[in-house]
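This report refers to the structure that appears directly beneath it.
In the text below, chain A, chain B and the rest are named by the order of the sequence lines, each starting its count at 1. We use all heavy atoms of the structure for the numbers below, so side chains are in, but hydrogens, waters and symmetry mates are not.
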There are 2 protein chains.
Amino acid sequence: MSVKTLPTQEEVLTQLRVEILTGRLQPGQQIVQDALAEKFGVSRVPLREALKILEGEGQVTHHLHRGYFVAELSITDLHEVYRLRALLEREAVTAAVANITDRDLLAIAELATQVRKATATGEVLAITAANREFHFAIFELSEMPRLVRLLRQLWDSTDVYRSVYFAQAPNRERILLEHDEILNALSARNVARTVRWHDTHRDNSVATVSAVISS
Amino acid sequence: MSVKTLPTQEEVLTQLRVEILTGRLQPGQQIVQDALAEKFGVSRVPLREALKILEGEGQVTHHLHRGYFVAELSITDLHEVYRLRALLEREAVTAAVANITDRDLLAIAELATQVRKATATGEVLAITAANREFHFAIFELSEMPRLVRLLRQLWDSTDVYRSVYFAQAPNRERILLEHDEILNALSARNVARTVRWHDTHRDNSVATVSAVISS
DNA sequence: ATTTCGGTGATTGGATCCAATTAGGGGGCT
DNA sequence: AGCCCCCTAATTGGATCCAATCACCGAAAT
């Protein structure tokens with residue numbers, strides 16, 4: 001019976017992401033390694049390695065002999081991220097439509113219903129997770145792993161702020177409709193329409209988020 | 001007299017990059033941490049953190065309990081990287097032209113002559129470094145730091161193979177001419193022409209490199 | 001009163017040490 | 001003879017420990 005080999009390393013990383021995502025570690029705040037390590041029940045070594053990863057993703061910044069700080073996202077940063085996402089996601093989606101099979105369509109439809117279920121519960125964290133899986137299932141179809149990797153980084157860097165988007169009920173409703181539209185466009189193998197709905201999907205998101213950041 | 005505090009951490013990272021770039025660590029090869037750490041005269045801790053960074057950049061891969069391996073780049077990987085570069089560099093260059101000042105033009109012209117000088121010496125490592133500075137000076141003008149970061153990652157991941165490009169004398173000649181053309185297009189604030197020369201610059205590069213990889 | 005200097009405590013960066021997992025090889029069984 | 005299993009060695013992953021740096025605070029001097 002496999003007791004399940006647990007990669008403690010990854011564990012810390014995901015926990016760290018949650019801390020940042022939920023705002024328990026707030027933007028600009030210093031990350032005290034000792035405290036966090038104790039909180040997680042691990043030593044500082046795996047924590048530091050996880051932080052190095054997040055630094056590479058731009059989620060945290062590092063100052064020599066001063067430590068790690070949760071990155072702050074300015075409004076211009078946010079717009080840059082979404083501009084880059086627009087660029088890269090168009091490419092990914094275009095390639096995805098070219099590759100998509102009927103089986104893929106079923107799988108993505110299933111993920112869409114997962115988002116719907118999560119929305120019903122109202123748990124923001126579950127919604128963001130499901131939403132992410134839905135979109136990246138599409139991106140993965142591009143069969144461009146590096147492109148997907150870059151997109152993951154961009155998504156990660158704005159996760160904190162995007163969660164506020166899901167916190168608002170009307171947005172949650174609209175998302176479901178937009179997902180359906182995306183699914184329709186995919187089924188029709190219509191590149192232009194798929195891209196267009198992705199664009200509006202993003203635009204709606206960035207609008208609310210930038211409003212929140214400004215305040 | 002400031003003895004200058006040396007960030008040992010970065011030191012290891014750049015050394016590692018050189019090892020990979022020069023092929024002393026060959027693609028696919030395992031990285032034995034103890035050996036390298038001793039070779040660098042440091043402990044394994046900073047080495048592991050540097051490796052985590054490189055992993056994030058896709059320069060090395062990591063297998064649990066088996067360690068780090070220098071990443072291998074397939075021909076399809078290479079084409080993906082260049083496709084993404086094309087996408088992102090067009091964006092960067094376009095923004096750069098909008099922002100560029102006369103002072104910037106002078107600085108970039110200076111960097112171009114640095115490339116010329118390095119080419120004269122024939123030292124491949126110096127050429128790649130100078131070439132990189134030239135191009136990223138342009139990219140930086142976009143004033144989109146995240147975009148520049150992504151481009152750095154993409155450049156890093158193919159550095160190993162690009163150096164073979166510089167090893168061939170005729171390529172070195174052509175590069176200088178192309179740099180001049182880019183400089184001209186920038187001076188004229190001509191977006192289309194600047195983008196086009198960047199494209200041909202890249203296409204020439206990818207052609208030779210992919211030929212090398214195939215063999 | 002304000003500014004500057006020095007000391008002390010806290011926190012990071014790096015080294016050493018220990019446990020856990022994997023790969024490789026030799027021996028035994030079928 | 002071939003295959004499988006177990007045992008050992010090597011290497012990684014994580015914990016603990018030590019040194020170096022920075023921030024904070026108070027005191028003294030202008």
Side-chain angles (χ1 to χ4, degrees), chain A residues 1-20 23-72, chain B residues 1-20 23-72:
Chain A
M1 56 175 297
S2 65
V3 184
K4 184 193 297 183
T5 162
L6 44 150
T8 316
Q9 188 165 96
E10 302 290 327
E11 196 64 27
V12 175
L13 182 59
T14 56
Q15 276 189 286
L16 247 176
R17 286 192 200 279
V18 171
E19 292 288 311
I20 294 176
R24 290 159 64 150
L25 284 178
Q26 290 211 344
Q29 181 179 348
Q30 178 174 8
I31 296 177
V32 184
Q33 299 178 8
D34 256 324
L36 258 193
E38 188 180 16
K39 180 172 182 179
F40 291 165
V42 298
S43 101
R44 273 173 47 210
V45 176
L47 177 64
R48 274 163 64 179
E49 297 199 347
L51 286 168
K52 268 283 173 290
I53 294 176
L54 292 179
E55 185 190 2
E57 294 175 359
Q59 297 256 70
V60 301
T61 61
H62 180 243
H63 302 265
L64 189 65
H65 288 132
R66 293 188 43 226
Y68 293 89
F69 297 78
V70 181
E72 293 181 272
Chain B
M1 56 171 293
S2 63
V3 184
K4 185 189 293 180
T5 162
L6 44 150
T8 316
Q9 189 165 92
E10 303 289 329
E11 196 63 27
V12 175
L13 181 59
T14 56
Q15 277 189 286
L16 247 176
R17 286 192 201 281
V18 171
E19 291 288 310
I20 295 177
R24 289 160 64 154
L25 285 178
Q26 289 212 345
Q29 181 179 347
Q30 178 173 10
I31 296 177
V32 184
Q33 299 178 8
D34 257 324
L36 257 193
E38 188 180 16
K39 179 172 182 178
F40 291 164
V42 299
S43 100
R44 273 174 45 211
V45 176
L47 179 64
R48 273 161 66 178
E49 297 197 348
L51 285 169
K52 268 281 174 289
I53 294 177
L54 292 179
E55 185 190 3
E57 294 175 359
Q59 296 257 69
V60 302
T61 61
H62 181 242
H63 302 265
L64 190 65
H65 289 132
R66 293 189 43 225
Y68 293 89
F69 297 78
V70 181
E72 294 182 272

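- By the side chain to side chain contact (heavy atoms under 4.5 Å, CB included) test, Gln29(B) pairs with Leu25(B), Gln26(B), sequence neighbours left out.
- Axis deviation across the helix from dA1(C)-dT30(D) to dT30(C)-dA1(D) amounts to 10°, comparing end segments of five pairs, rounded to 10 degrees.
- With sequence neighbours left out, Glu57(A) forms a salt bridge (charged side-chain N to carboxylate O under 4.0 Å, His left out) with Arg17(A).
- When heavy atoms are screened at a 4.0 angstrom cut-off, Ile31(A) is found touching the sugar-phosphate backbone but no base atom.
- In this structure Glu10(B) satisfies the side chain to side chain contact (heavy atoms under 4.5 Å, CB included) test together with Pro7(B), Leu13(B), sequence neighbours excluded.
- If you check residues 37-46 of chain A against DNA chain D, the residues with a heavy atom closer than 4.0 Å are Val42(A), Ser43(A), Val45(A), Pro46(A), listed by number.
- The list of salt bridge (charged side-chain N to carboxylate O under 4.0 Å, His left out) pairs with a residue in residues 25-36 of chain A, not counting sequence neighbours, is empty.
- Side-chain N/O atoms of Arg48(B) and base N/O atoms of dG14(D) include a donor-acceptor pair closer than 3.5 Å.
- Residues meeting the salt bridge (charged side-chain N to carboxylate O under 4.0 Å, His left out) test with Glu55(A), sequence neighbours left out: Lys52(A).
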Give every donor-acceptor pair under 3.5 Å between a side-chain atom in residues 40-49 of chain B and any protein atom, sequence neighbours left out.
| from | atom 1 | to | atom 2 | distance (Å) |
| --- | --- | --- | --- | --- |
| Ser43(B) | OG | Val45(B) | N | 3.1 |
| Arg44(B) | NE | Gln33(B) | OE1 | 3.0 |
| Arg44(B) | NH2 | Gln33(B) | OE1 | 3.4 |
| Arg48(B) | NE | Glu49(A) | OE2 | 2.9 |
| Arg48(B) | NH2 | Glu49(A) | OE2 | 3.4 |
| Glu49(B) | OE1 | Gln9(B) | NE2 | 3.1 |
| Glu49(B) | OE2 | Arg48(A) | NE | 2.9 |
| Glu49(B) | OE2 | Arg48(A) | NH2 | 3.4 |

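- Heavy-atom contacts from other residues, nucleotides or ligands closer than 6.0 Å to CD of Glu38(A) number 12 or fewer.
- Using a 4.0 Å heavy-atom cutoff across all strands shown, Gln30(A) reaches sugar-phosphate atoms only and no base atom.
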